[in-house]
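Data block below; observations after.
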Amino acid sequence: MAKLNQLILLEKMMGTYDEMNIKDANLTKFQGACTEKLVDEIIGRLEKMVVSKTRLSCRNVLVTNFETMTKETSWLKCKLFNDLPRAVSKVLQEKVKKMVELLNMLMLKILNVDEQYAATFFRKLKEGYGKKRITEYELWKARLPELTMDLLEAYQVQLTANMLMMGVLMYDIAPTDEELERVQLEKVQQKLRHGKVLPEWFRAECAKLRRYSHWEGECFVIDYKKLRRYMFQHFGALTQEQRIALFEYDVQLNMIHGDFERLKGEEEEEVMECATDLQMKKTIEQLEEEGTLKNLYDYTWIMSVMNQTQGLPDFNTPSSLITYLKDLHIERLPSEDSINRKQNTFTGTFPDWIFIDCDTTEAKRRINVGKRFLNIFRAA
């Protein structure tokens, strides 16, 4: 269903009358009759829309200046009501009041649309705007020598500031002094590109955005359930550029959140690797100190245990193990040849190894090297 274009026509008619200096009483009566007829048409259509069981969307009636159209005073201030005969004016005024009441009822019906329908509406709308093209964020990221958490945090702030500068929340209710005080504009300024000057009204836009957002760690998260209500209410007022800016903001913000999670995962892995390496170094040093590593080829059994134990480093070749031990700054190192010679002397899975080059006592010692390694590592 299209917007109520009659509302726009009615507003223009009244505005034009205010600009004209009409002295002819008959012309004024004619203007009043035309206005009343148009108001009757609008009332008739509004009544059908209010009682209709058909779901409505924010495209139905919310024209660009509906904020004023849903207030009686914005209509009744027209000179026409003073110029018409009192009885005629009173009838027209009552009809205008009824029209405004129906407009407000319709607005409530639209704004109280169920969440699932609203979500579907905006998802489809977003898909319509979401042309497959490279975003500014992807281009920015491609130019970086290295992506870091600090750079991501700064870009997240910059992206949000750019969206607010487009005026997408300009139709929201003006913030209170208390809301303005909560805005930490100096922190925002620190994250922006050097030389970026924020206008005076930017603090107010930040205060409005706080109503629809919260922080989850480093991620700035938009509460779209709340924001959809604002968009429903002001959809007609938002320009094409503002709508696109909001949807592109959503796409890029999701990309940023994905990179936050990836970097955090990498950092956690690095921390875990460092902890594992430290644990490994202490374990081997203790094995050396207590004399468990009787021969350097005993690293063969340790290498096999690590390769068969989940959560421990694994090594495809003796060379990779030796490189790892060097990185741990282990002083006494085996040779590749010493490990290679022993790798083919046993079969089976730890601790049920079967050796073909030694007696039972030596076989038990080698298995105990593996067991002692695991016990010390896990205890550490």
Compare every heavy atom of Leu169 with every heavy atom of Leu164, then report the nearest pair and how far apart it is. CD2-CD1, 3.8 Å

I'd like to check Arg45 versus Ile42 (side-chain heavy atoms, cut-off strictly below 4.5 Å). Are they in contact? no

Side-chain heavy atoms under 4.5 angstrom apart, residues restricted to Ile, Leu, Val, Met, Phe, Trp, Tyr: same cluster for Val221 and Met149? no

List the atom of Tyr299, the atom of Arg332, and the distance in Å for their closest heavy-atom pair. OH-O, 3.7 Å

Single-linkage hydrophobic cluster Leu209~Trp215, side-chain heavy atoms < 4.5 angstrom: yes

Is there a side-chain contact between Phe350 and Met306 (heavy atoms, below 4.5 Å)? no

Could you check whether atom CG of Leu139 has more than 12 heavy atoms from other residues, nucleotides or ligands sitting under 6.0 Å from it? yes

For Tyr297 and Ser338, which heavy atoms make the closest approach, and how far apart are they? CB-O, 3.7 Å

Only counting residues at least two apart or in another chain, list the ones meeting side-chain hydrogen bond (donor to acceptor under 3.5 Å, both in side chains) with Lys98. Glu47

In residues 369-380, what donor-acceptor pairs under 3.5 Å come from side-chain atoms, sequence neighbours left out?
from, atom 1, to, atom 2, distance (Å)
Arg372, NE, Glu290, OE2, 2.8
Arg372, NH2, Glu290, OE1, 3.1
Asn375, ND2, Lys371, O, 3.3

Looking only at heavy atoms, what is the nearest atom pair of Leu10 and Val39, with distance? CD2-CG2, 3.9 Å

Look at atom CD of Glu289 and say whether more than 12 heavy atoms of other residues, nucleotides or ligands are closer to it than 6.0 Å. no

Main-chain N/O of Thr300 paired to Ser304 side chain as donor or acceptor, under 3.5 Å: no

I'd like to know if the side chain of Asp24 and the backbone of Asn26 have a donor-acceptor N/O pair within less than 3.5 Å. yes

Run through Lys208, Arg203, Arg211 and flag the one making a side chain to side chain contact (heavy atoms under 4.5 Å, CB included) with Glu179. Arg211

Shortest non-hydrogen separation from Leu76 to Lys97 and the atoms involved: CD1-CE, 3.9 Å

Without swapping roles, check the side chain of Gln156 against the backbone of Glu218 for a donor-acceptor pair under 3.5 Å. yes

Should we count CD of Glu362 as having more than 12 external heavy atoms under 6.0 Å? yes

Could you check whether Arg366 makes a cation-pi contact with Phe355, meaning its NZ or CZ is under 6.0 Å from the centre of the six-membered ring and within 45° of the ring axis? yes

Within the 6.0 Å centroid threshold, strictly below: Trp301 and Phe346: yes

Is it true that Gln93 and Ser89 share a donor-acceptor pair across their side chains at a distance under 3.5 Å? yes

Sub-4.5 Å side-chain heavy-atom contact between Lys196 and Asn162: yes

Do Pro334 and Leu325 come close enough that some side-chain heavy atom pair is under 4.5 Å? yes

What I'd like to find out is whether the side chain of Leu152 reaches to under 4.5 Å of the side chain of Tyr137, using heavy atoms alone. yes

With heavy-atom distances below 4.5 Å as the criterion, would you say the side chains of Leu246 and Met163 are in contact? yes

For Glu331, give me all partners under salt bridge (charged side-chain N to carboxylate O under 4.0 Å, His left out), at least two apart in sequence or on another chain. none

